[in-house]
> 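Dumping the structure here so I can ask a few things about it.
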Amino acid sequence: SAVISQKPSRDICQRGTSLTIQCQVDSQVTMMFWYRQQPGQSLTLIATANQGSEATYESGFVIDKFPISRPNLTFSTLTVSNMSPEDSSIYLCSARGGSYEQYFGPGTRLTVT
Amino acid sequence: DAKTTQPPSMDCAEGRAANLPCNHSTISGNEYVYWYRQIHSQGPQYIIHGLKNNETNEMASLIITEDRKSSTLILPHATLRDTAVYYCIALANAGGTSYGKLTFGQGTILTVHP
């Protein structure tokens, strides 16, 4: 199994600023993902974080708004840029190794005022 | 990935079996049925997955119909800690652009009562 930690666990930010969320996995994994969960909603995939190359974004999400880095097999960051209140959500990191199981971090609860 | 349909909510008495249904009538031959759950304020947790045979692990059992158009997740002895949103997801395990991308629907809110 893999244990995923995220920093920060929560934050309150002002509109127009940016926040970088860190995701650390305790073992090497092949795939890492970033999800968003808006209040009262299900999870929506933002992008697949690719090691050593640009992330692959899902429809409706763009690199300028959600730049992602993945420098190695255990770490990734997601930046939420130029934030607005609509960005208030829980952001979750996920990872998948050699098994079929996909693991999730505890999430980062972001509130934009 | 095939679309799945689940009831929005279900109730269960503590100690009884919870049977959560899922319809996936358009599932492809290479798509597995995955179940995850999300307890309040936590990240989703893997429960079980299967292709066409019934599966059992320490958490639950998964019953898949012979035509693979539907499945049932069984929690044999539900406890209050099993109260969560349960997601049924169809996913191909290898190959294709959707590999590894879990698509979450609205899931079933299971409430276990004392």
> Same cluster for A/V80 and A/F61 if Ile/Leu/Val/Met/Phe/Trp/Tyr side chains link at under 4.5 Å?
yes
> Indicate the atoms forming the closest heavy-atom contact of A/Y35 with B/K101, along with that distance.
OH-C, 4.3 Å
> Is A/I68 linked to A/V25 within one hydrophobic cluster, defined over Ile, Leu, Val, Met, Phe, Trp and Tyr using a side-chain heavy-atom separation of less than 4.5 Å?
no
> Is the count of non-hydrogen atoms from other residues, nucleotides or ligands lying under 6.0 Å from B/I109 atom CD1 greater than 12?
no
> Heavy-atom distance under 4.5 Å between the side chains of B/Y87 and A/L43, does that happen here?
yes
> Pick one of side chain, backbone, both or neither for A/T48, based on which atoms fall under 4.5 Å of a heavy atom in chain B.
side chain
> State the CZ-CG distance between A/R96 and B/L102, to the nearest 0.5 angstrom.
7.5 Å
> Could you check whether atom CD1 of A/I12 has more than 12 heavy atoms from other residues, nucleotides or ligands sitting under 6.0 Å from it?
no
> Do B/W35 and B/M10 sit in the same hydrophobic cluster, where Ile, Leu, Val, Met, Phe, Trp and Tyr count as joined when their side-chain heavy atoms come under 4.5 Å apart?
yes
> So, for B/F104 and A/S42, which heavy atoms are closest and what is the spacing to 0.1 Å?
CB-OG, 3.2 Å
> Could you tell me the separation between the OH atom of B/Y36 and the CD atom of A/Q102, rounded to the nearest 0.5 Å?
5.0 Å
> Give me the atom names and distance for the closest heavy-atom approach of A/L92 to B/P44.
CD2-CD, 3.9 Å
> What distance separates B/Q45 CD from A/Y103 OH, expressed to the nearest 0.5 Å?
11.0 Å
> Side chain, backbone, both or neither: which part of A/Q6 has an atom under 4.5 Å from a heavy atom of chain B?
neither
> Please answer: with hydrophobic residues joined when any side-chain heavy atoms are less than 4.5 Å apart, are B/Y34 and A/L45 in the same cluster?
yes
> Side-chain heavy atoms under 4.5 angstrom apart, residues restricted to Ile, Leu, Val, Met, Phe, Trp, Tyr: same cluster for B/I48 and B/I89?
no
> Less than 4.5 Å to any heavy atom of chain A: does that hold for the side chain of B/Q38, its backbone, both, or neither?
side chain
